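Below is one structure, written out as C-alpha cells, with a few remarks after it.
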Amino acid sequence: MNFINFEEVKSQLQELTKYQHTAPSKIIDKLEALHSQFESVEGMYSTKEFHTLASDILIALSITNFNLGNFPVVEVLAKKADEKSRLAENPKNMATSINLRGLAAMRMSQFKEALLFFEDSKSIREGLDDSSGVGQVLINMGIVFRTISLYDECVEQFEKAIPYFEKTYDKSGLALAYDNLGTTLVKMSKYAEAIEHLQSALQISQELNDTSGIGVTYLNIGLVYDKSKKFSKSLEYFELALGYFKANNDNHRIAIAYTNMANTYSRLNQYDKSKQYIELSNSLFEESNDILGITRNLGTLASFYEQKQEYSEALRLYGECYSLSLKHQFHGVKLQVIQTLIPFYHSVSLKNEFYEIPVSIISQTPEDIKATYNLNKQRFSNFKELSLQTALLLLEYLKFLNSNQSLEQNNYFYANFKYLVHKELRQYELALSFYEESMRLKEDITGKETIVRLATFEASRQLELLQKEREVTDSLLHKMLPGALVEQLKYSQTEIATFYEDVTIIFMDIVGFTKLSQLVSARELVKILGDIFSFCDGIADKHNIEKIKTIGDSYMAVGGATINNPIHHYSSIQMALEICEYMQNYTIPDVDFELQVRFGIHSGAVIGGVIGSKRPSFDIWGDSVNIASRLESRSEPNKINISGSLYERVKDMFMCSYRGKHSAKNIGDMEMYFVDKLID
C-alpha cells in the first residue's frame, strides 16, 4: 500500500511551479506523475488536507497546460480542481480553479461562458476580501472584452481593477492594469494615452525590479511605435524587451518578440530579416509545442509573401493557418485570416489576377456560399470579375462566422469593402449606397455622429421621462426585493417560489433595546436603529449576503439564496464577527448604556418566495429558519451561536467553543457552539 508523504509532495510541487510559466514543457510530465499518484490513492484519503493538495496539483497542471496552449485540457483539469476545492472547503482554490476555467473558455472563444466563470470567481474573492484577486479577475474580464473588440467595456474593467490593487498596495497588479490599459488604447489608436499608461506600468515594474514586467512593457511600447509607423523606435524597444526575456530564459516571450520584429521588418520591406526572425520564433514555439504561436506565425509568413507579391505561396500559408485555427478552435485567428483575404482578393483583382480560395477555407463555408462560389468560377472568364465576386463571398462568410457579434468596427469593415468591390464591378448605385453607409459608420465610431437619432425633440423628451419613471419603479423594487427577483417579478405572471437546498440563515437581536427605549427619545431611538441596521446592510453587501427583513430590533438575513455565494456559511459568520466588533465600539452620546447584539446562525434547506401585491417582499420559511431563530434566542450578548452541523462545516476556518446540548423550543436538544474568532 502506497502512502503519500504530504510534506514531500508540497516541497516537490513548490519547486515545479517555479517553471510553470517559463518552461512548462519541462515540468508537465512530472506534474502529471504527481496527479496520477494522487488519483491512485484517492480512496484511501478523505481529509481536507488531501483534497487541498490534490486541488493544488490540478491547479498547477492547469496553469502549465494553459501556458502550452492546451485549453480544452485546462477546462477538464480546472473543473476537477474546483471539485476537489469544494471537498476541501477551500474557497481560495475554488476561486482560482473557476478563474482558470474562465481563461480556458476565453482562449476557446467561449466568451459568454468565460465572463460567467470570471463573475463567479470574483464573487468568491469578494467574500474572502481578496482585493488583489478581484483586481486580477477584472483584468481577465477586460481581456475578454478586448478580444471581441468591445474596447470601451474593456477599458472600464481595467480602470475598475486599479483601486483594488491600490487597496492592498499590490504594485505588480497595478503594473498589469496600466499595461493592459496601454495595449487596449493602442487598438483604439489613442497612442499618446497608451504611452502614458505604459510608462506608468514600466515605472512600477522598475521599482519592483520585475524584469519580466519590464520586458513585457518594453514590448508593448514597441507595438505602439510600430502602429504609429515609427519603425526604428519600435525595433529599439523590441530589442530592449528581448534582452530582459533572454536574461529570464523566457522562451515563450522571446518567440513573441521575434514575431513582432519580423512584422516590423516586413513593413520596412526587409524581407530577408523578417523571414529570419519568423524562423527563430517558430523554432522556439515548436520546442514548447505552442500551436497557437505557430498558427499566428503562419499568418505572419503569409502576409510576408503577399507583400512580396508571391501570391500562390501566400494563399498556401493562409490556408495552413486557417486549417490549424479550425482544428484547435483559434476563433480569433480564423477571423483574422478571412479579414486578410478580403482585401487580398480586391487587390489582386486590380491586377487582373485570380487565385482560388484555399480548399481548407472553401470546405468550411456554408453550402449556399460554396455553391455560389463554384457557379461564379464556371460562369466568369474574366479574372478581375471573378476575384471581386470571391471577395464578396468571403465578406458573406465573415458575416456568417461573426453572426454572434454586432460590432461597429466589423460593420464598417463590411460596408467599406463592399463599396470598393461594387465600384470595381461598375455597380455604381450599390457602390454609392455602401459608401454612404461606411461613412456613416466611420463617423459613429469616431464619435462625430450618432447613428440612432430620435425623430423629434418631443420624442426624445418623452423617452427620457419614461426612462426616469422606469428607473424610479426599478429603484423601489430593488429596495424591497433581491436584485435577482426584480426582473422575474416585473414580467412573470406566476407566483415566485424557490426551494433552496443549502443556505445559511442569520438572526440578530439587539440586547437591551427595550430598556434603551426608556432612556432616549423616539427620534434618537430611530436614529440608533438606522445607524446599526445601515451598517449591517453594508456588511451584508460586502459579503454577498441578502437582508430579508427587520422586525423591531431584530435583523434577519440569508446567504446563498438569491445571490450566488458558494461560501455562504463562511461569509455569514464573517459578517456576524464584523458586526460584533462594530457594536463593541458603538457609543450613544450622553447616555451611559452599552448596546450589544447576539446572533444565531444555521445552514440548511429553505423555501423562498415573494409575498404581497401592494408591497411585495421576499421571505424564507422552513425548519432551518426556526433552528436559526432558536439559536439566536439561546445566544448571549456579543456572541455568535451556531448549530453543531454548521460547526462541522466551518471548524477549520473559525475557532469555536463547545456549549454542549441545549433545549430549543419545538426542536429538542441541540448541540451549540460559540464562534470565537477567525483562524489565522
Side-chain angles (χ1 to χ4, degrees), residues 89 127 499-514 532-533 535-537 539-540 543-562 565 567-584 595-608 618-679:
E89 296 185 4
F499 174 73
Y500 298 102
E501 188 175 355
D502 180 32
V503 300
T504 301
I505 306 101
I506 308 155
F507 275 96
M508 182 193 85
D509 184 65
I510 300 176
V511 181
F513 188 76
T514 304
I532 295 170
F533 288 160
F535 179 80
C536 292
D537 290 346
I539 297 298
H543 291 286
N544 286 327
I545 302 296
E546 184 75 58
K547 179 175 82 172
I548 299 297
K549 59 188 173 185
T550 58
I551 304 173
D553 60 331
S554 297
Y555 187 96
M556 179 183 176
V558 65
T562 59
N565 185 352
I567 53 168
H568 51 81
H569 49 288
Y570 167 88
S571 304
S572 300
I573 294 175
Q574 189 61 29
M575 170 187 167
L577 283 169
E578 291 181 28
I579 293 171
C580 285
E581 184 180 353
Y582 169 77
M583 291 304 298
Q584 284 177 334
L595 269 185
Q596 293 178 308
V597 292
R598 65 187 183 198
F599 281 91
I601 305 179
H602 174 66
S603 291
V606 299
I607 293 170
F618 177 74
D619 208 344
I620 55 175
W621 306 272
D623 287 343
S624 297
V625 177
N626 296 331
I627 291 170
S629 177
R630 300 293 180 266
L631 286 164
E632 181 270 314
S633 64
R634 296 306 304 265
S635 187
E636 295 176 6
N638 217 37
K639 293 287 187 180
I640 301 163
N641 194 24
I642 65 172
S643 60
S645 59
L646 179 55
Y647 166 75
E648 289 300 323
R649 298 178 68 174
V650 301
K651 62 185 178 182
D652 293 332
M653 302 176 187
F654 298 95
M655 193 174 292
C656 302
S657 302
Y658 182 54
R659 302 185 62 199
K661 289 187 176 182
H662 290 258
S663 175
K665 184 180 176 183
N666 298 329
I667 293 171
D669 288 347
M670 287 178 59
E671 288 193 327
M672 299 183 186
Y673 292 80
F674 279 145
V675 177
D676 298 324
K677 64 176 183 176
L678 182 69
I679 296 173

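As the structure is a computational prediction, the values presented were derived from the model and not from experiment. Note: hydrogens, waters and symmetry copies are ignored here, and every other heavy atom, side chains too, is used. Index from 1, following the sequence.
Nearest heavy atoms, Lys651 versus Ile679: O-CD1, 3.7 Å. Between Val511 and Leu595 the shortest heavy-atom distance is O-CD2, 3.8 Å. What you find for Asp676 and Cys656 is that their closest heavy atoms are OD2-C, 3.6 Å. Residues Met672 and Tyr658 share a closest heavy-atom pair of O-CD1, 3.7 Å.
With values rounded to the nearest 0.5 angstrom, Leu631 atom CG is found 4.0 Å from Met670 atom CE. Distance SG/Cys536 to CE/Met556: 14.5 Å, rounded to 0.5 Å. For the atom pair OG of Ser603 and CD1 of Ile573, the computed distance is 7.5 Å after rounding to the nearest 0.5 Å. Note that the CD1 atom of Ile642 and the OG atom of Ser572 stand 11.0 Å from one another [nearest 0.5 Å]. Atom CD1 in Ile601 sits 8.0 Å away from atom OG1 in Thr504 (nearest 0.5 Å). Atoms CG and NZ, on Asp619 and Lys549 in that order, are 3.5 Å from each other to the nearest 0.5 Å.
No side-chain N or O of Asn565 forms a donor-acceptor pair with one of Tyr570 less than 3.5 Å apart. Inspection of the Glu578 and His543 side chains reveals an N or O donor paired with an N or O acceptor under 3.5 Å.
The local environment of CG in Asp623 is sparse, with at most 12 non-hydrogen atoms from other residues, nucleotides or ligands closer than 6.0 Å. In this structure, Glu636 places its CD atom where more than 12 heavy-atom neighbours from other residues, nucleotides or ligands lie under 6.0 Å away.
Taking the side chain as every heavy atom from C-beta outward, Lys639 and Arg659 never approach each other to under 4.5 Å. Between Lys677 and Met655 the shortest side-chain heavy-atom distance falls below 4.5 Å. No side-chain heavy atom of Glu581 sits under 4.5 Å from any side-chain heavy atom of Leu577. Ile640 places none of its side-chain heavy atoms less than 4.5 Å from the side chain of Ser635.
Between Phe533 and Tyr555, the two ring planes are tilted [angle within 30° to 60°]. Classified by interplanar angle (parallel below 30°, tilted 30° to 60°, perpendicular above 60°), the ring pair Tyr647/Tyr673 is parallel.
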side-chain contact (heavy atoms from CB on, under 4.5 Å) between Asn641 and Phe599, intermediate numbers included
CA-CA 6 Å; Asn641 194 24; Phe599 281 91; over 6 Å; no

side-chain contact (heavy atoms from CB on, under 4.5 Å) between Asp502 and His569, worked out
CA-CA 9 Å; Asp502 180 32; His569 49 288; 5.7 Å; no

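Just one of Ile579, Val558, Ile545, Ile548 meets the side chain to side chain contact (heavy atoms under 4.5 Å, CB included) condition when paired with Ile506; it is Ile545.
Applying the salt bridge (charged side-chain N to carboxylate O under 4.0 Å, His left out) test to Asp509 and every residue at least two apart in sequence or in another chain returns Arg598. For Ser624, the side chain to side chain contact (heavy atoms under 4.5 Å, CB included) test picks out Ile505, His602, Val606, with sequence neighbours left out.
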